[in-house]
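Below is one structure, written out as structure tokens; the observations come after it.
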Amino acid sequence: MHELLITHGDGSTRVVQLEERPVTVGRCPSCELSYPQDPELSRRHMQFARDGSHWTVNDLGSTNGTRVNGIPLHKAHTLRPGDCVAASQLTLQFRQRRMAAQTVMFEASRVDVKAPGTVAIQLKDVLESSGQPATSPEIARQWVSPLQALIRVGRELAVRRPLDQMFPVILDLALEAVSAERGVLLVFEGDRLVDKASRGGQFRISTAVRDQVINERQSLLIQSVAETPGLKERKSIVIQGVRSLMAAPLQTDERVIGLLYVDALNYLRRFKNDDLSLLTVMANVAAIRIERERLALVEEAERHHMAELGQAAEIQRRHLPSAAPKWDGLELVGLHNPCRTVGGDYHDYLKLSGGAYGIVVADVAGKGMPAALMMMSLQARVQALFETCGTIADFMRMLNRSMNPTCAPNRFVTVFASVFDPSTGSFRYVNAGHTPGILVRAHGAVEQLQTGGMFAGLLPDLSYEEGSVILEDGDMVVLYSDGISEQENEAGEEFGVERLAECVRSRRTLPLDHILSTLRDSLESWTGTGPVTDDQTLVILRRRTPSITKLTSRKE
């Protein structure tokens, strides 16, 4: 039998038992594990399914991908205990299901918290009380005061320990501080209380005690189990020989993450109010330390993840042009701005045999690491195929066919591929589902370059139509990804193709660096304080024919 230990982005955990039926994870409400507020998850992101005696996990064509033990998941993976599946801010650890713990059993019972010998207090009551509580004789023998007990707790818990080592330390400190004979520390994993440390054998704990502590955030003291209505009738509880018990919530400022239970079997030992106050404060200190350790683990994993992303970003930067080349007869500037550390936008400049130039701008569907990996695969294919094909239409057909086997069902690539011949001014292109190129004539006319076909990667056998225009001196072409045209302002309005075209057209006589800088400023102003929601890539090219003066001086 197996289960999933799910860790959320805030460090909280949840345990889900795997039965026979598949378990789907995603934003869709119909998913067995639904996270509708997580924008990084797809509606149906991944699925855990039984395959004979094994369990598998499969990515359902998610936009941002799934990783198993840090490796992108491209096909069904047979899980082994300890495997970690990650998507967005979720980490799901596949593990052997624990057998029903015999250490702690909850017995249905009712307890009147107002009955004689029963005390219920909240943490704030203890913290707000003035003066130092008197010490019981048992505490006095071991501690000079409860303050020393808390000092020792603080000192012990200040030492950095793994959680599995911290839990027994917390329990031992609590048992020693209040002179309890037995105890158990229970922590929530999802909606289930799991014993993390115990001393003294088996425990049968009243559900009324548990619920009072967890739901009402109250610490509970029962001085005499044998005299307490609701407990003295429960033979399974009485038979343990418990004389007096206490339970306190492991409570941070925001929530209860578990409970700390202690009891005494000795007829002469009855816990008192001061013991309960001390246990309550100790449980609070312990809960904060547990949460800090959990948060530290999350932050450590995040740092590791960011370091890996930084390395990936550096690799990606080295595969993209660091600057536009200087080519005879053509001016070029480019902009690449991923919305995350890595992205799926791609642009390239290719100097071809015969004196022509290739310019490619592409956009992989999705964001982040999955899109970046696919982008690098795209780059390798582009550089391998571009000059081996007779026409740009043939290039796109071969590029689509080579990408189809490795594209997930919801993965595709939009591409604008072009070739410019400076000797004739011929600009040939194919627009494969990409945003239309903008042709800005030197005299101010604006055209859109849309000829081409469907985006690449989804279907194996596609054909493409090639478009062609002649660029005169001063004519410009603007190639861009939809992260620019679809960037929204704070009112939800898109920047738009028309605004982009006009920004270039009105400055068409200026240096390209100036136009690019102005466009960047316009985009930043348009976005305001809102987020950049998609990768942004822009390439501007302008034909420049040699002047008569330059030609004459060369002849001389």
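In this chain, residues are counted from 1 in sequence order.
- Taking the charged nitrogens against the carboxylate oxygens, Arg289 and Glu293 do have a contact shorter than 4.0 Å, which makes a salt bridge.
- Closest approach of Gly355 and Pro422 over heavy atoms only: O-CD, 3.3 Å.
- In this structure, Asp475 contributes its side chain and Ala442 its backbone to a donor-acceptor pair below 3.5 Å.
- The residue from Phe386, Tyr464, Tyr429 that alone fulfils the ring pair (Phe, Tyr, Trp, His ring centres under 6.0 Å) condition with Phe395 is Phe386.
- With values rounded to the nearest 0.5 angstrom, Met476 atom CE is found 12.0 Å from Arg441 atom CZ.
- At least one donor-acceptor pair closer than 3.5 Å links the side chain of Asn400 to the backbone N or O of Leu459.
- Aromatic pair Tyr357/Tyr349: ring centres not closer than 6.0 Å.
- Between the CZ atom in Arg67 and the CG atom in Asn64 there is a gap of 9.5 Å [rounded to 0.5 Å].
- For the pair Arg50 and Glu20, the salt-bridge criterion is met [side-chain N within less than 4.0 Å of a carboxylate O].
- When the shell of 6.0 Å around CZ of Arg44 is examined, it contains 12 or fewer heavy atoms from other residues, nucleotides or ligands.
- Rounding to the nearest 0.5 Å places OG1 of Thr66 at 8.0 Å from CG of Leu60.
- What you find for Gly483 and Gln536 is that their closest heavy atoms are O-NE2, 3.2 Å.
- We find the CZ-CG distance between Arg544 and Leu330 to be 11.0 Å, quoted to the nearest 0.5 Å.
- Here Asp473 does not pair with Arg543 in a salt bridge; the nearest charged N to carboxylate O distance is not below 4.0 Å.
- With respect to Arg499 and Glu502, no salt bridge is recorded, no charged nitrogen being found less than 4.0 Å from a carboxylate O.
- With rounding to the nearest 0.5 Å, the separation of CD in Gln17 from NE2 in His2 is 11.5 Å.
- Of all heavy-atom pairs between Cys503 and Ser522, the closest is SG-OG, 4.0 Å.
- With salt bridges taken as basic N to acidic carboxylate O contacts below 4.0 Å, none links Arg27 and Asp38.
- Atom OG1 in Thr451 sits 11.5 Å away from atom CD1 in Ile392 (nearest 0.5 Å).
- Side chains of Val415 and His434 form no contact here, defined as non-hydrogen atoms less than 4.5 Å apart.
- Formation of a donor-acceptor pair under 3.5 Å by the Asn284 side chain with backbone atoms of Gln251 is found in this model.
- Gln93 and Thr7 are not linked by any side-chain donor-acceptor pair at a separation below 3.5 angstrom, with hydrogens and angles left out of the test.
- Leu332 is not listed as a side-chain neighbour of Leu512, based on a closest heavy-atom distance of 4.5 Å or more.
- Between the side chains of Asp345 and Ser481, at least one donor N or O lies within less than 3.5 Å of an accepting N or O.
- Shortest non-hydrogen contact noted between Phe427 and Ser418 is CZ-CB, 3.4 Å.
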